[in-house]
2 protein chains.
Amino acid sequence: MTIKTKAKETWLTPAQMSERSGVSIDTLRYYEKEGLLQNVSRAASGHRRYSSEDILWVEVLRCLRNTGMSIDQLRHYCALGAQGTGTEPERLALLNAHRQKVLQDIEKMQKALELIDHKISFYGSKTE
Amino acid sequence: MTIKTKAKETWLTPAQMSERSGVSIDTLRYYEKEGLLQNVSRAASGHRRYSSEDILWVEVLRCLRNTGMSIDQLRHYCALGAQGTGTEPERLALLNAHRQKVLQDIEKMQKALELIDHKISFYGSKTE
DNA sequence: CCTTGACCTGGAGTGCGCTCCAGCTATTAG
DNA sequence: CTAATAGCTGGAGCGCACTCCAGGTCAAGG
């Protein structure tokens, strides 16, 4: 159970959050709908107010998304987080598995890069 | 103009080509339709027969696709190749631009990896 | 009071890169 | 000859990750 410190936080409006995180407002709402972003606060008006915690978490989400984790996997990971204590081993396992995948992806990219470089060097000489 | 050596080549059927290249038959046809795979030979029956050149080229296509080049960009690159001599500088430029993008992507992945590792190390200690 | 603009919701639409399908032809095994 | 297998075509369909839209609410400025 994460205890939110009641200290004055600077809440961000959707527009500010979007600007700050580089994620569109629509996508933020989409993430929330999919359960990737939980317990987003609301102003009396019903408008969202994002906390600094949310900012950090969206950063993590983007990091995982950018490295190829699917929304579905992310949803699973977040669901574990929501269940709280006891799920840490599984969460850790998921992260480790993802880490391996990213390492492999990087390797593949580097292999591909070699081929591209090779192809480029062909153009250096006259014949294709 | 690429002059095909008339020497006995071992032509591959679509099924063989698919097996060999790891690209599905449907995708091979799709690539051809999109102009990424040109002048594929045909048997008298009308069935495709892929040459060893085709094998090599599909490998290049996959390499570029795997590193994030879009079908659209690939189409452009292939169109240049089809136009023949004179387009080499532009082709080279495209490859170089792509190379830069791949380098940046690798860097981003490595940055992301750091965050993931950091997150993983958190689970090593007890608090999330 | 009226307008403006940011935000709300549920749901429809989009773009990409395939993937599948119907209906047909050709080749091969028995 | 027949049946099974592989391939052909044009076009429809799919999954993912958003992205957009209609129709409505709310708060502030003039």
Side-chain angles (χ1 to χ4, degrees), chain A residues 10-51 54 57-78 98 101 105 108 112, chain B residues 10-51 54 57-78 98 101 105 108 112:
Chain A
T10 17
W11 303 98
L12 297 191
T13 65
Q16 290 166 334
M17 180 63 165
S18 173
E19 159 100 1
R20 189 110 156 203
S21 64
V23 174
S24 81
I25 294 180
D26 271 317
T27 300
L28 287 169
R29 272 200 300 254
Y30 169 67
Y31 284 176
E32 196 178 334
K33 200 164 13 175
E34 295 301 323
L36 310 192
L37 203 46
Q38 291 159 1
N39 310 119
V40 174
S41 296
R42 299 290 180 127
S45 60
H47 293 190
R48 288 172 181 79
R49 289 293 114 97
Y50 296 95
S51 70
D54 294 332
W57 181 242
V58 168
E59 221 171 279
V60 173
L61 284 181
R62 286 315 304 173
C63 167
L64 294 173
R65 280 288 303 121
N66 288 338
T67 49
M69 187 176 283
S70 72
I71 296 291
D72 216 64
Q73 291 168 107
L74 240 11
R75 187 169 22 230
H76 183 199
Y77 181 69
C78 293
H98 185 63
K101 210 183 73 68
D105 288 351
K108 277 183 207 159
Chain B
T10 18
W11 302 98
L12 297 191
T13 65
Q16 290 167 334
M17 180 64 165
S18 173
E19 160 99 3
R20 189 110 155 202
S21 63
V23 174
S24 81
I25 294 181
D26 271 316
T27 300
L28 287 169
R29 273 199 299 254
Y30 169 68
Y31 283 176
E32 197 178 334
K33 204 171 356 182
E34 296 300 324
L36 311 192
L37 204 45
Q38 290 160 359
N39 311 118
V40 174
S41 296
R42 298 291 180 127
S45 62
H47 292 190
R48 288 172 179 78
R49 288 296 112 98
Y50 296 95
S51 71
D54 293 332
W57 181 242
V58 168
E59 221 170 282
V60 173
L61 283 181
R62 286 316 304 174
C63 167
L64 294 173
R65 280 290 301 122
N66 288 338
T67 49
M69 187 177 283
S70 73
I71 296 291
D72 217 64
Q73 292 168 106
L74 239 12
R75 187 170 22 231
H76 182 200
Y77 181 69
C78 293
H98 185 63
K101 208 183 74 70
D105 287 350
K108 277 184 209 161

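A, B, ... follow the sequence lines: proteins, then strands. Residue 1 opens every chain.
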Sugar-phosphate only, base, or nothing, as touched by B/A43 at under 4.0 Å among non-hydrogen atoms: nothing

Side-chain N,O (B/R29) to OP1/OP2 (D/dC8) below 4.0 Å: yes

OP1 or OP2 of D/dA27 under 4.0 Å from side-chain N/O of A/S45: no

C/dT9 OP1/OP2 closer than 4.0 Å to side-chain N/O of A/R42: yes

Identified side-chain contact (heavy atoms from CB on, under 4.5 Å) counterpart of A/L64 within the set A/V60, A/N66, A/L61: A/V60

B/T13 side chain near D/dG7 phosphate (N/O to OP1/OP2, under 4.0 Å): yes

Distance, rounded to the nearest Å, where B/H47 contributes NE2 and D/dT9 contributes P: 9 Å

Touch class at under 4.0 angstrom, heavy-atom based, for B/R49 against every strand present: nothing

Phosphate OP1/OP2 of D/dC18: any A/R65 side-chain N/O under 4.0 Å: yes

B/H47 and B/T13: side chain donor to acceptor below 3.5 Å: no

Residue-phosphate contact under 4.0 Å: A/R48 side-chain N/O, C/dT9 OP1/OP2: yes

A/P14 versus A/R48, closest heavy-atom pair with distance: CD-O, 3.4 Å

Distance below 4.0 Å between A/Y31 side-chain N/O and D/dC18 OP1 or OP2: yes

